[in-house]
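Following: one structure in structure tokens, then a few remarks.
Order of appearance sets the numbers: ligands from 1, and atoms from 1 within every ligand.
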Amino acid sequence: MNAVPAQHARVLSGMRPTGRLHLGHYHGVLKNWLELQHEYQCFFFVADWHALTTHYDDPTGIPQNTWDMVIDWLAAGVNPGEATMFVQSQVPEHAELHLLLSMITPLGWLERVPSYKDQQERLKEKDLATYGFLGYPLLQSADILIYKAGLVPVGEDQVAHVELTREVARRFNHIYGREADFEERAEEAIKKMGKKNAKLYNKYRKAYTEQGDDEALAAARALLESQQNIGIADRDRLFGYLEGGGKVILPEPQPLLTKASKMPGLDGQKMSKSYGNTIALNASPEAVEKQLRTMPTDPARVRRTDPGDPDRCPVWQFHEVYSDDKLKQWVQEGCRSASIGCLECKAPVIDAVLAELKPIQERVREYEEQPELVRNIIDEGNERARDVARETMEDVRHAMSLR
Ligand code: TRP
Ligand code: SF4
């Protein structure tokens, strides 16, 4: 176990700065982040080092993409008052943890991560037989563990990376969490909580270790979370002591699977840069209108008088995202009876996409006019992230006898 209880979890997620965001990101990832930021302490970061693992031969675009990405997040509604936004390379502690974790990570674990071979196959034009690319998921583990994140919102393709992170954390805790005087230290830490809480803790611990009472475990964890009198190291000891193990230095995260985005691309496949079917968040209204007017429809509708089938038409998928029942019924009937034309059918979709993009684009413009403000948001985020990362590294170095 050794996972962070969900209600206390810190959320962490990152994106590689490989180009401007599009509606697929907005519907698939960002809207999810917007909800999470109200519920949890969130850290969202630009994974610029991860971009380097595949773009090492031409890194010149990364700084601009990083900047644009943060502006797109802000414009989409990520709130710097609620969530911490930062840039990976500005928190060099990630690299230190990556290095230290590399000492205990068996090569086979990395070679077996599915994305390792898949991406090498997919990106044949690049030489990805590098040390850095093999380490990609371990760097991601460091990103996650350095914030002791409990929840990591990711798509299906990233779940294996979170799984690796859990294994690495387990191994780390197993090797380094065993202090010689662990039990004495734990008993001392219990006393520091005060008589009443110490008694409660012992009661819950007994109920869990002797009867496997999961509720008692949850209650004990909640009790520890609320303690003000004990430091982080003591708290970690007591978390570990609860389950009969050693000290939990790096808690295991859970993936929070992001539902596959329903947002279709202009050709009806999933919207993705690699398919060239995206609508960029910063596309001008004229460009968006043109993209939608020229997008393919049911190939069977050659003439206006031919009836069509919405199930064979990408435009219908847009209606599924944007239209209410009444409008959808109008499409279904009008298309099948050839009583509406395709341009007519697209008009409400065009309106809906433009209406969705308008406020986002206005905010993009506002932020672009205030580079100082954006700079400050990023600087502050970097600082806040570093404060947490430094604290974790103190524990990690101590556990590894590096001090
Ligand atoms: N590998 C992730 C992706 O390609 C990006 C990423 C890097 C990430 N570090 C992370 C996501 C940590 C979640 C947590 O999408
Ligand atoms: Fe597609 Fe609408 Fe044309 Fe039917 S009427 S083929 S749903 S665009």
Salt bridge (charged side-chain N to carboxylate O under 4.0 Å, His left out) between Arg375 and Asp379: does it pass, once the steps are laid out?
CA-CA 6 Å; Arg375 193 65 274 154; Asp379 287 347; 3.5 Å; yes
Let me see the working for Arg301 and Asp306 under salt bridge (charged side-chain N to carboxylate O under 4.0 Å, His left out), right down to the final yes or no.
CA-CA 5 Å; Arg301 270 201 100 175; Asp306 297 332; over 6 Å; no
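Per-residue contacts place Val315 under 4.0 angstrom from the following atoms of ligand 2 (heavy atoms of the residue considered): 8 (S). Against a heavy-atom cut-off of under 4.0 Å, Leu12 is close to the following atoms of ligand 1: 12 (C), 14 (C). Atom numbering of ligand 1 starts at 1 in the shown order; those under 4.0 Å from a heavy atom of Arg16 are 4 (O).
The nearest N, O or S atom of Cys335 is not closer to atom 3 (Fe) of ligand 2 than 2.8 Å.
In terms of protein heavy atoms, atom 1 (N) of ligand 1 is closest to Tyr136 OH, 2.7 Å. Here the protein heavy atom with the shortest distance to atom 1 (Fe) of ligand 2 is Cys313 SG, 2.3 Å. Protein heavy atom closest to atom 3 (Fe) of ligand 2, with residue, atom name and distance, is Cys342 SG, 2.3 Å. Considering only non-hydrogen protein atoms, atom 5 (C) of ligand 1 sits nearest to Gly14 O, 3.5 Å. If you check which protein heavy atom lies closest to atom 2 (Fe) of ligand 2, you get Cys345 SG, 2.3 Å. Looking only at protein heavy atoms, the nearest one to atom 2 (C) of ligand 1 is Gln158 OE1, 3.2 Å. The protein atom (non-hydrogen) at minimum distance from atom 12 (C) of ligand 1 is Gln140 CG, 3.5 Å. Protein heavy atom in closest approach to atom 9 (N) of ligand 1: Asp143 OD2, 2.7 Å.
At least one heavy atom of Arg301 sits less than 4.0 Å from an atom of ligand 2.
No cation-pi contact links Arg221 to Phe239, judged by a cut-off of 6.0 Å to the six-membered ring centre and 45° from its axis.
Contacts with ligand 2 closer than 4.0 Å are made by heavy atoms of both the backbone and the side chain of Asp298. At a 4.0 Å heavy-atom cut-off, ligand 1 touches Val152 through the side chain alone.
In this model, a donor atom of one side chain and an acceptor atom of the other lie less than 3.5 Å apart for Glu333 and Gln329. No side-chain N or O of Gln140 forms a donor-acceptor pair with one of His50 less than 3.5 Å apart.
A ring-ring contact (aromatic ring centres under 6.0 Å, His included) with Phe45 is found for one member of Trp33, Phe86, Trp73 and no other, namely Phe86.
Proximity of Ile249 to Phe172: side-chain heavy atoms (C-beta onward) are separated by under 4.5 Å at one or more points. Between Phe133 and Tyr116 there is a side-chain heavy-atom pair separated by less than 4.5 Å.
For His161, no nitrogen or oxygen atom sits less than 3.5 Å from a nitrogen or oxygen atom of ligand 1, counting backbone and side chain alike.
Annotation for Leu224 and Ile230: closest pair CD2-CD1, 4.5 Å, computed over non-hydrogen atoms. Nearest approach of Gln361 to Pro285, heavy atoms of both residues: OE1-CD, 4.3 Å.
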